[in-house]
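In the text below, chain A, chain B and the rest are named by the order of the sequence lines, each starting its count at 1.
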Amino acid sequence: MDLFMSAPRGTRDILSPEVEKWHYLEDQIRKYCRLYAYSEIRPPIFEHTELFLRGVGETTDIVQKEMYSFQDRAERWLTLRPEATASTVRAYLENKLYAQPQPVKLYYMGPMFRYDRPQAGRYRQFYQFGVEVIGAGEPAADAEVILLAVHLFAHLGLKNLEVHLNSIGCPACRGAYRAKLLDYLSQHIEGLCRDCQARYQHNPLRVLDCKQEGCRGIAQGAPEFGAYLCAECKEHFAQVQAYLGDLGVKYQLNPSLVRGLDYYTKTVFEIISRELGAQGTICGGGRYDGLVEECGGQPTPGVGFALGMERLLLTLENSGIELPGLEPLDVFVASIGAGVQGPAFGILYELRRHSIRADKDYLGRSLKAQMKQAHRYGAPFVILVGEEELARDVVILREMATGKQAEVPLGEISQRILALMGGMEDER
RNA sequence: GUGAAUGUAGCUCAGCCGGUAGAGCACCAGAUUGUGGCUCUGGGAGUCGCGGGUUCGAGUCCCGUCAUUCACCCCA
């Protein structure tokens, strides 16, 4: 196939019957956001590149090698958003949301873009749902955000998800810990893998998360961050855990959970599925108390998460959870003979005006073929429009399940079907 | 960015030591001309991912390329 005839690498088309599952998920997500009193924000898909450099952090993998950046005709540097927290914070400042009652609780849903090697559960254009609570530094806000995700997952029927929790402290205590860690690692530098020798330079905390045999051994002996958290961070983390514990949210402490974005402070968490292989993180997030200030605002705390829609769908599928698919048709209108096309089309419109989901054949096919089509669409009723009947101002109404047919006057079609559909509702 | 596997009809796949492509499902049509689900019969379909090489001849061997998948990396 010619290159231009296939979607770019790491992108794809989402079609029925999959798209109906997306609709369902999106509906449930909106329902839960409403329940938790979050309002939607729809930031632009691209932003000034500078926003991500400052917000996400110059040393992160996202900024260094995964951004889709380009210049527009006026030579502005723009970037397709790789995540939406930076945009949300920008919008918070630009729209002066700090002047509204705090905290501001927002959610977003939409495509993100990262130039990365595609893999199961990893795309270059992928969809995230995320929430942000800006203006609340209390541990309860951390707990609420985690609870929202956990609650939603439970509602969708997911079990056996792991909530991993850690605290990476504030700039003050992280600095102190970082110094200790660097000191320790410098004594074992020759034992680290090549990647970790690089991490030692720009993000030593990540060494703790390395999966290489040698690095793991060294990480085992590294000083524990927990011991270096300042009093405030320690107390904050303890309260987050207390809230979650009181609500019965199961979680596990994971000291090696670091996360790759620069803006995180204090609480970080991931929700992981074992059904996904290597890309097991469905949901990741944490607190970012320095980000608003970094973007030019007053010091303002924030906490949130992002959830990968494709990974969520994949986990649901691998867990054997069936999501609602394509809705069946209510009525199929079959026409017999070319002369009745006009009246058949009129009846179709009449049904639709009564909110009855209906369709007909458009290829001039045989009645037999039309019946097959009606069956395939799952229509419980078929209206047969024939010349003989039309001459007497009636049509035939066929109930597919039983094969029973009856003549119905033209003017009573919709009411008759609505009555029958109501009857079926009652039986459920 | 690194390593590996895969790439044949819409879908799932078969195709032996190289000899000019097959099955099932799906789709379409028919089985006394105005009726679905079962059955039967027939039909349309593929430049064997793309490009090059070896060979008398390549889906089958070699190289490149693109894509998918898996692992690394990273994260959603």
Check your understanding: Do the side chain of A:D13 and the main chain of A:L15 share a donor and acceptor less than 3.5 angstrom apart?
Key -> no

Check your understanding: Should we say atom CZ of A:R34 is surrounded by more than 12 heavy atoms from elsewhere, each under 6.0 Å from it?
Key -> no

Check your understanding: Should the pair A:R81 and A:F113 be classed as cation-pi, given the thresholds of under 6.0 Å to the six-membered ring centre and 45° from the axis?
Key -> no

Check your understanding: Is there a donor-acceptor contact under 3.5 Å from the side chain of A:N254 to the main chain of A:L165?
Key -> no

Exercise for review: Tell me what A:F129 touches on the nucleic acid: a base, only sugar-phosphate, or nothing, going by heavy atoms under 4.0 Å.
Suggested key: nothing

Point to revise | Rounded C1' spacing from B:G42 to B:A4 in Å | key: 46 Å

**Study point:** For B:G43, the Watson-Crick or wobble counterpart (both distances under 3.5 Å)
**Key:** B:C27

Review point. With both distances under 3.5 Å as the test, what is the Watson-Crick or G-U wobble partner of B:G59?
Key: none

Check your understanding: What string of B, S and - do you get for nucleotides 1-9 of chain B, 5' to 3', when a contact is any protein heavy atom under 4.0 Å?
Key -> BBBB-----

Review point. For B:C66, does either OP1 or OP2 sit under 4.0 Å from a side-chain N or O belonging to A:R9?
Key: no

**Study point:** P atoms of B:A21 and B:G49, separation to the nearest Å
**Key:** 14 Å

Practice item. Quick one: closest heavy-atom pair of A:A219 and A:V207, and the distance? Key: CB-O, 4.3 Å

Practice item. With a 4.0 Å heavy-atom cut-off, tell me which residues in residues 56-69 of chain A come close to RNA chain B, sorted by residue number. Key: A:D61, A:E66

Exercise for review: Any strand is fair game: report the nucleotide pairing with B:C74 by Watson-Crick or G-U wobble, both distances under 3.5 Å, or none.
Suggested key: none

Practice item. Applying side-chain contact (heavy atoms from CB on, under 4.5 Å), name anything that partners A:E387, two or more places apart in sequence or on another chain. Key: A:V340

Review point. When the C1' atoms of B:A45 and B:A23 are considered, how many whole Å apart are they?
Key: 15 Å

Point to revise | Rounded P spacing from B:C66 to B:C50 in Å | key: 15 Å

Point to revise | Between B:U55 and B:C62 - P atom distance, rounded Å | key: 16 Å

Exercise for review: For A:G10, report the nucleic acid contact type (base, sugar-phosphate, nothing); a contact means any heavy atom under 4.0 Å.
Suggested key: sugar-phosphate

Review point. Where do A:R122 and A:E310 land on the salt bridge (charged side-chain N to carboxylate O under 4.0 Å, His left out) test, with the steps shown first?
Key: CA-CA 8 Å; A:R122 191 164 81 183; A:E310 288 87 351; over 6 Å; no

Check your understanding: For A:G121, which contact category applies under a 4.0 Å heavy-atom criterion: base, sugar-phosphate, or nothing?
Key -> base

Exercise for review: Mark yes when over 12 heavy atoms from residues, nucleotides or ligands other than A:Q187 sit less than 6.0 Å from its CD; otherwise mark no.
Suggested key: yes

Study note, to complete from the structure: Per-nt protein contacts along nucleotides 41-46 of chain B (heavy atom under 4.0 Å; B base, S backbone sugar-phosphate only, - none) come out as ------

**Study point:** Option passing side-chain contact (heavy atoms from CB on, under 4.5 Å) with A:V382 (candidates A:M400, A:Q405, A:H375)
**Key:** A:M400

Study note, to complete from the structure: Ranking B:A76, B:C28, B:A71 by distance to the side chain of A:R114, first place goes to B:A76

Check your understanding: Say you pick atom C1' in B:G10 and the same atom in B:C27; how far apart are they, in whole Å?
Key -> 8 Å

Atom pairs under 3.5 Å: protein N/O with N/O of nucleotides 33-37 of chain B:
residue: B:G34; atom: O6; partner: A:E388; partner atom: OE1; Å: 3.2
residue: B:G34; atom: O6; partner: A:E388; partner atom: OE2; Å: 2.7
residue: B:G34; atom: N1; partner: A:E389; partner atom: OE1; Å: 3.0
residue: B:G34; atom: N1; partner: A:E389; partner atom: OE2; Å: 3.1
residue: B:G34; atom: N2; partner: A:E389; partner atom: OE2; Å: 3.1
residue: B:U35; atom: O2; partner: A:R398; partner atom: NH1; Å: 3.2
residue: B:U35; atom: O2; partner: A:Q405; partner atom: OE1; Å: 3.0
residue: B:U35; atom: N3; partner: A:Q405; partner atom: OE1; Å: 2.7
residue: B:U35; atom: N3; partner: A:Q405; partner atom: NE2; Å: 3.3
residue: B:U35; atom: O4; partner: A:Q405; partner atom: NE2; Å: 3.0
residue: B:G36; atom: OP1; partner: A:K368; partner atom: NZ; Å: 3.3
residue: B:G36; atom: N7; partner: A:R398; partner atom: NH2; Å: 2.7
residue: B:G36; atom: O6; partner: A:R398; partner atom: NH2; Å: 2.8
residue: B:G36; atom: O6; partner: A:M400; partner atom: O; Å: 3.0
residue: B:G36; atom: N1; partner: A:M400; partner atom: O; Å: 2.5
residue: B:G36; atom: N2; partner: A:H375; partner atom: ND1; Å: 3.3

Exercise for review: Could you tell me which residues satisfy side-chain contact (heavy atoms from CB on, under 4.5 Å) with A:K372, sequence neighbours excluded, listed by chain and number?
Suggested key: none

Review point. When rounded to the nearest Å, what value does the distance between P atoms of B:C11 and B:G46 take?
Key: 14 Å

Exercise for review: Go through the steps for A:R392 and A:E389 under the test salt bridge (charged side-chain N to carboxylate O under 4.0 Å, His left out), then give the verdict.
Suggested key: CA-CA 5 Å; A:R392 304 191 333 263; A:E389 292 80 7; 5.4 Å; no

**Study point:** Euclidean distance, atom OH of residue A:Y377 to atom P of B:C27 [Å, nearest integer]
**Key:** 11 Å

Review point. Quick one: the side chain of A:R199 and the base of B:C73, do they pair up donor-acceptor inside 3.5 Å?
Key: no

Practice item. Might you point out which heavy atoms bring A:L316 and A:L156 nearest each other, and give the distance in Å? Key: CD2-O, 3.8 Å

Check your understanding: Does A:R287 use its side chain to pair, donor to acceptor, with the backbone of A:Y264 at less than 3.5 Å?
Key -> no

Check your understanding: Roughly how far apart, to the nearest Å, are B:U47 and B:G52 at atom C1'?
Key -> 16 Å

Point to revise | Pairing nucleotide - B:U35, Watson-Crick or G-U, each distance under 3.5 Å | key: none

**Study point:** Closest contact, heavy atoms only, A:L323 versus A:K21
**Key:** O-NZ, 3.3 Å

Review point. To the nearest angstrom, how far is A:M309 atom CE from B:C75 atom P?
Key: 22 Å

Point to revise | Residues, nucleotides or ligands: over 12 heavy atoms within 6.0 Å of A:Y251 OH | key: yes

**Study point:** Pair partner, B:A14 [Watson-Crick or wobble, under 3.5 Å]
**Key:** none

Practice item. Let me know, please, whether A:E270 or A:Q279 comes out on the 5' side of the other along RNA chain B by nearest nucleotide. Key: A:Q279

Check your understanding: Could you give the CD-to-P distance, from A:E132 to B:A76, as a whole number of Å?
Key -> 11 Å

Point to revise | Lys NZ or Arg CZ of A:K360 over A:Y362 ring: under 6.0 Å, within 45° | key: yes

Practice item. Both distances under 3.5 Å, Watson-Crick or G-U wobble: report the partner of B:U6, or none. Key: B:A67

Review point. More 5' along RNA chain B: A:R206 or A:T11, using each one's nearest nucleotide?
Key: A:T11

Exercise for review: Could you tell me whether A:A306 contacts a base, only the sugar-phosphate backbone, or nothing, with contacts defined as non-hydrogen atoms closer than 4.0 Å?
Suggested key: sugar-phosphate

